[in-house]
Amino acid sequence: MALYRTVQLSGCARMCVSVARPYSTVARSPSTPLPLRSKLLFFLSQHFYDVEQLLSWSSWLRNWTLRRKNTFYSYTQEQYGNNVAAAFYILSLKGGFRFSGQSEWFRPNEKGKFSWDFVNFQEHPIEEVDVSGTVINCTGLDNLVSQKNLRTLSLRGCREVDDWFLSRLHIFQESLEELNLSGCPRISVGGLCALHHLRKLRKLDLSSLPRVQNPGLVRILLEEVLPHCHITGVEYDEGLQAFQEEKDSEALSSTGTGA
């Protein structure tokens, strides 16, 4: 009986070895190296859906973050009033502001932390706002519409500020005097045309707006509708030469066609 078990176990062992041998042989056999391009294509084919899912998740997370940061602070408004709610929104964006009648600016520190002393100024409207480089967008502007004494607004480098955002700035037409739009990549000529409502605007910075073609011509047109506003960041001849060359080319083309 013992001998039989030994033979049986030996047979099993030989069977396992014989079954496993082809796999080990294949594993040890050298394979032809693939070209670098083929390796890259193979990698992408194996991970395409993972990359697609990652990009989708990243886009969803970014949109969720924008919605969260630009939510309307209705509870804060009900508890502390419009001024404190607007102040809390600005600080949450890591921006800064100054209350009317006060010389001190409220700003968060490098870690985004800020003092809650602004809660003691419930009766003071906000006069100056600097949200440069933040993710403020058209939705978040709802938190500031109550600030009828707003005189200066800096939106420098705000990547979410677009033409829709500028079209809503008419709510500050009776107070806004200074506006900084430099470095906003989504602003076009259509949005700048909406600034004609800001009749009290005295200073406007339009430097580094990549989507604005012929900025010199835009400056001339804006000075026509805002005669008391000093526009900086754009020279009169900036883009006008290319504009004139385009017009001359169109005129020449139409003349040739007519002939």
Side-chain angles (χ1 to χ4, degrees), residues 58-77 80-100 105-116 118 121 124-188 190-195 197-198 201 203-212 233:
S58 176
S59 177
W60 178 89
L61 182 61
R62 178 178 177 274
N63 292 332
W64 177 82
T65 301
L66 282 176
R67 290 194 300 269
R68 181 177 61 85
K69 287 185 175 294
N70 287 283
T71 187
F72 180 63
Y73 289 94
S74 58
Y75 176 80
T76 307
Q77 186 183 69
Y80 300 98
N82 294 330
N83 301 331
V84 172
F88 182 63
Y89 168 68
I90 296 169
L91 292 174
S92 298
L93 289 177
K94 297 184 180 181
F97 66 91
R98 183 182 64 81
F99 282 120
S100 178
W105 275 73
F106 286 89
R107 292 183 182 274
N109 58 23
E110 297 179 354
K111 297 182 178 180
K113 306 297 182 180
F114 50 83
S115 170
W116 288 83
F118 66 90
F121 296 89
H124 294 258
I126 294 176
E127 194 169 84
E128 295 187 77
V129 172
D130 180 7
V131 286
S132 300
T134 67
V135 293
I136 185 173
N137 61 14
C138 188
T139 303
L141 197 58
D142 290 337
N143 291 285
L144 302 180
V145 296
S146 60
Q147 302 306 303
K148 303 302 182 182
N149 292 344
L150 185 64
R151 291 197 307 107
T152 68
L153 177 61
S154 179
L155 301 168
R156 177 174 52 85
C158 292
R159 62 181 184 272
E160 300 299 328
V161 170
D162 55 11
D163 294 344
W164 286 106
F165 188 101
L166 297 188
S167 68
R168 294 196 62 196
L169 291 182
H170 66 87
I171 56 180
F172 305 120
Q173 60 183 336
E174 298 299 329
S175 63
L176 195 62
E177 299 176 3
E178 296 184 15
L179 179 62
N180 189 338
L181 300 176
S182 61
C184 294
R186 301 181 63 181
I187 290 178
S188 70
L192 294 177
C193 292
L195 299 181
H197 296 287
L198 306 177
L201 202 61
K203 185 176 180 180
L204 176 62
D205 192 339
L206 299 180
S207 57
S208 302
L209 300 180
R211 290 191 60 187
V212 176

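- At least one donor-acceptor pair closer than 3.5 Å links the side chain of N143 to the backbone N or O of T71.
- The salt bridge (charged side-chain N to carboxylate O under 4.0 Å, His left out) check on R98 picks up E127, E128, with sequence neighbours excluded.
- Contacts of E160 classified as side chain to side chain donor-acceptor pair (under 3.5 Å), with partners at least two apart in sequence or in another chain: R62, R186.
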query: Which is it for F88 and W116 under the ring pair (Phe, Tyr, Trp, His ring centres under 6.0 Å) test, yes or no, and what are the steps along the way?
result: CA-CA 9 Å; F88 182 63; W116 288 83; 5.5 Å; yes

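- Looking at every heavy atom in both residues, K94 comes nearest to P108 through CA-CG, 3.6 Å.
- Listed here is the closest heavy atom pair of A87 and F99: CB-CZ, 4.1 Å.
- Side chain of D142 to main chain of F72: no donor-acceptor pair is present (N/O by atom type, distance under 3.5 Å, no hydrogens or angles).
- Across C158 and G133, no two heavy atoms sit closer than the pair SG-N, 3.8 Å.
- Rounding to the nearest 0.5 Å gives a distance of 14.0 Å between CH2 of W164 and CG of L141.
- Ring orientation note: the planes of F106 and F118 are nearly perpendicular, at an angle over 60° on the 30°/60° scale.
- For the pair S208 (side chain) and S182 (backbone), a donor-acceptor distance under 3.5 Å is absent.
- Using a distance-only test at 3.5 Å, with no hydrogens or angles considered, a donor-acceptor pair links the side chain of N70 to the main chain of V135.
- The two atoms that bring R211 and I187 nearest to each other are CB-O, 3.2 Å, heavy atoms only.
- Here the OG1 atom belonging to T76 is positioned 13.0 Å from the CG atom belonging to N83, to the nearest 0.5 angstrom.
- With rounding to the nearest 0.5 angstrom, the CD atom of E178 is 10.0 Å from the OG atom of S154.
- Using a 3.5 Å distance cut-off with no hydrogens or angles, the side chains of D163 and S188 do pair a donor with an acceptor.
- Closest heavy-atom contact between K69 and L93: O-CD2, 3.8 Å.
- Checked by atom type and distance alone, the side chain of K148 pairs as donor or acceptor with a backbone atom of V145 at under 3.5 Å.
- Ring-plane geometry between F121 and H124 is classed as perpendicular, the angle between the planes exceeding 60 degrees on a 0 to 90 degree scale with a lower cut at 30.
- For the atom pair CG of L179 and CG of L150, the computed distance is 9.5 Å after rounding to the nearest 0.5 Å.
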